[in-house]
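Notes follow the structure.
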Amino acid sequence: MANQHKLQTEPIFWKSGKLARNVKQIVKDLSQFNPGDGFWAIATTFEGKFLAIEFEDVSDSEFPFDDWQPISEDWESSISQREYCEKVEQIKDEISKGEVYQVNLCRVLETNCSNSLAGLFSGIQSKNPAPQAAFLRVEVNGQLLEIASASPELFIARASNKIKCSPIKGTNSKPVFGEKDKAENVMILDLMRNDFGRVCKAGTVEVTRLLAVEEHPGLFHLVSDVEGELRENISWREILKEILPAGSISGAPKSSAVKLISKIEPSARSFYCGIFGFIQGEVAQLGVSIRTFYKIGNRLSFGTGAGITWASVAESEWQETELKAKKLIAIASGKI
């Protein structure tokens, strides 16, 4: 039993076939982050907290399988259906005043859980594979933190001086998207082009894919790509400072959307809607932390949301949050 407990508390990180073990150092302040050539797991919160863990041992490996004891307790939503619909109308009122154009409205589902999320991530890997899937377990401030992500969304892929992001705006159970979804996608695409313009060489930022339909387990997403060439000698600190939080989970204009979110969402998103992945020198794979479970102590959380525009229908936006959560919550509850 002691050995099993050790296995379920050992710090590890996994993403894209890379398994990292043995923590070398932890950095909690972006201004102190100087990664060099080390392998760093990165996890940020939507609210701006920064966590970087340098691991000593990195190998190519499948994720180590673990058992999962399904959640039996009920999930509690930070916002009820009635409240969510009211908040959609509140956002539309702000849009009518010209304060914002689009806002991502989220709610957080919570329950109690004493088991390691390694088993849940094993289930996610087999039942809901995702291109930005990642897992982290590490002790922070005396508490065990675990993040198990099935994110479909790329925040940054970097190879040398080339960077790319793939914002998702538009989610449906069928591969058909209306004008509202297309307009919202283009709106956020323009925001990300602007963000990239602050860190890339002038004239190098371009849209390389527009309004593509991608199929994911049980869902279809509307996705576009932005690519650019980074300025000479730009640091990771500057890159992340300039482009966080991700535009797709905040809104446009970003600063106004973030302020409105802080007023109308009753609880912090925490590691939901942050970024999650790894940095190794001039190579990186960082996903947007959507479709993501995180556990601090014995409290398990999962966030879900929808993008609100002037064309939004409140009940439809609520149903989108239900759709995004349905399969992963079913996996966690042992129903799939």
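Positions are given from 1, in the same order as the sequence printed here. What you see below is based on every heavy atom in this structure, not just the backbone, and it leaves out hydrogens, waters and symmetry mates. Predicted model only: the values in this text are computed from it and were never measured.
Shown here for Ser116 and Glu146, the closest heavy-atom pair between the two residues is OG-OE2, 2.8 Å. Closest approach of Ile79 and Cys106 over heavy atoms only: CD1-O, 3.4 Å. Shown here for Arg237 and Ser31, the closest heavy-atom pair between the two residues is CD-O, 3.3 Å. In plain terms, the two heavy atoms of Ala257 and Ser250 that are nearest each other are CB-O, 3.7 Å. When all heavy atoms of Ile296 and Leu145 are compared, the closest pair comes out as CG1-CD1, 3.8 Å. Shown here for Pro131 and Lys15, the closest heavy-atom pair between the two residues is O-NZ, 4.4 Å.
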Worked verdict on Lys162 versus Glu227 for side-chain contact (heavy atoms from CB on, under 4.5 Å): CA-CA 7 Å; Lys162 308 280 189 178; Glu227 299 184 44; over 6 Å; no
Apply side-chain contact (heavy atoms from CB on, under 4.5 Å) to residues Leu117 and Leu300 and explain how you reach the verdict. CA-CA 9 Å; Leu117 297 191; Leu300 176 61; 3.8 Å; yes
Verify side-chain hydrogen bond (donor to acceptor under 3.5 Å, both in side chains) between Ser301 and Glu110, making sure each step is shown before the conclusion. CA-CA 4 Å; Ser301 304; Glu110 291 190 326; 3.1 Å; yes
Please test Glu73 against Asn112 for side-chain hydrogen bond (donor to acceptor under 3.5 Å, both in side chains), starting from the C-alpha separation and ending with a verdict. CA-CA 7 Å; Glu73 296 191 35; Asn112 293 318; 3.3 Å; yes
Which is it for Val288 and Gln132 under the side-chain contact (heavy atoms from CB on, under 4.5 Å) test, yes or no, and what are the steps along the way? CA-CA 8 Å; Val288 180; Gln132 301 302 318; over 6 Å; no
Does Glu315 form a side-chain hydrogen bond (donor to acceptor under 3.5 Å, both in side chains) with Gln319? I'd like the steps, not just the answer. CA-CA 6 Å; Glu315 182 62 31; Gln319 291 303 325; 3.0 Å; yes
Please determine whether side-chain hydrogen bond (donor to acceptor under 3.5 Å, both in side chains) holds for the pair Lys28 and Asn141, giving the CA-CA distance in whole Å, both sets of side-chain angles, and the decisive distance to 0.1 Å. CA-CA 10 Å; Lys28 303 176 189 175; Asn141 299 328; 2.6 Å; yes
Kindly indicate, with the supporting measurements, whether the criterion side-chain contact (heavy atoms from CB on, under 4.5 Å) is fulfilled by Asn161 and Glu282. CA-CA 7 Å; Asn161 71 331; Glu282 294 185 341; over 6 Å; no
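Rounded to the nearest 0.5 angstrom, Leu189 CG and Arg193 CZ are separated by 6.5 Å. We find the CD1-OG1 distance between Ile290 and Thr171 to be 7.0 Å, quoted to the nearest 0.5 Å. In this structure, NZ in Lys327 is found 4.5 Å from CG in Asn128, a value given to the nearest 0.5 Å. Here OG1 of Thr309 is found 8.5 Å from CG of Asp181. Values are rounded to the nearest 0.5 Å. Interatomic distance, CG of Leu219 versus CG of Asn172, reported as 8.5 Å (0.5 Å rounding). For the atom pair CD1 of Ile275 and OG1 of Thr44, the computed distance is 4.5 Å after rounding to the nearest 0.5 Å.
Salt bridge status for Glu214 with Arg209: present, with a side-chain N to carboxylate O gap under 4.0 Å. By the 4.0 Å N-to-carboxylate-O rule, Glu322 lies too far from Lys326 to be salt-bridged with it. Classification of Glu238 and Arg198 as a salt-bridged pair fails, no side-chain N sitting under 4.0 Å from a carboxylate O. A salt bridge links Glu317 to Lys180: at least one charged side-chain nitrogen sits closer than 4.0 Å to a carboxylate oxygen. Between Glu83 and Arg107, no side-chain nitrogen of the basic residue sits less than 4.0 Å from a carboxylate oxygen of the acidic one, so the salt-bridge criterion is not met.
Screening Ile331, Ile147, Leu328 for a side-chain contact (heavy atoms from CB on, under 4.5 Å) involving Phe293 leaves a single residue, Leu328. Under the ring pair (Phe, Tyr, Trp, His ring centres under 6.0 Å) rule, Phe135 has a single partner from Trp14, Phe13, Phe121, Phe65, which is Phe121.
Counting only heavy atoms from C-beta outward, the side chains of Val207 and Asp225 never approach each other to under 4.5 Å. Using a 4.5 Å heavy-atom cutoff, the side chains of Leu154 and Gln285 are in contact. At a threshold of 4.5 Å between non-hydrogen side-chain atoms, the residues Glu153 and Pro167 count as touching. Side-chain atoms of Phe276 and Ser151, non-hydrogen and from C-beta on, never get closer than 4.5 Å to each other. Counting only heavy atoms from C-beta outward, the side chains of Lys254 and Asp195 approach each other to under 4.5 Å. Considering only heavy atoms from C-beta on, Pro175 stays 4.5 Å or farther from Glu215 through its side chain. Proximity of Phe155 to Ser248: side-chain heavy atoms (C-beta onward) are nowhere separated by under 4.5 Å.
Tracing side-chain contacts under 4.5 Å through hydrophobic residues (I, L, V, M, F, W, Y), one reaches Leu230 starting from Ile243; they form part of the same cluster. Cluster membership for Leu19 and Ile279, using ILVMFWY side-chain heavy atoms within less than 4.5 angstrom, is not shared. Under the 4.5 Å side-chain heavy-atom criterion for grouping Ile, Leu, Val, Met, Phe, Trp and Tyr, Leu136 is not connected to Ile12 through any hydrophobic cluster. Grouping the Ile, Leu, Val, Met, Phe, Trp and Tyr side chains by contacts below 4.5 angstrom, directly or via other members, places Tyr101 apart from Ile249. Taken together through direct or relayed side-chain contacts under 4.5 Å among Ile, Leu, Val, Met, Phe, Trp and Tyr, Val58 and Phe63 form parts of separate hydrophobic clusters.
For Lys335, the NZ atom is loosely surrounded, since the number of other residues' heavy atoms within 6.0 Å does not exceed 12. For Asp37, the CG atom counts as loosely surrounded, since its 6.0 Å shell holds 12 or fewer non-hydrogen atoms of other residues, nucleotides or ligands. Within 6.0 Å of atom NZ in Lys241, 12 or fewer heavy atoms from other residues, nucleotides or ligands are found, so the atom counts as exposed in its surroundings.
Taking the six-membered ring where the residue is Trp, Phe33 and Trp40 present perpendicular rings, their angle passing 60° and hence far from 30°. The aromatic rings of Tyr84 and Trp318 lie perpendicular to each other, with more than 60° between the two planes, well past the 30° mark. Note: Phe39 and Phe278 have parallel aromatic rings, judged against thresholds of 30 and 60 degrees for the angle between ring planes. Ring geometry for Phe271 versus Tyr294: interplanar angle over 60°, hence perpendicular rather than tilted (30 to 60°).
Centroid-to-centroid, the aromatic rings of Trp75 and Phe302 stay 6.0 Å apart or farther.
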Review item, side-chain donor-acceptor pairs of residues 47-54, under 3.5 Å, at least two apart:
unit_1	atom_1	unit_2	atom_2	d
Glu47	OE1	Ser270	N	3.0
Glu47	OE2	Arg269	N	2.8
Glu54	OE1	Gln25	NE2	2.7

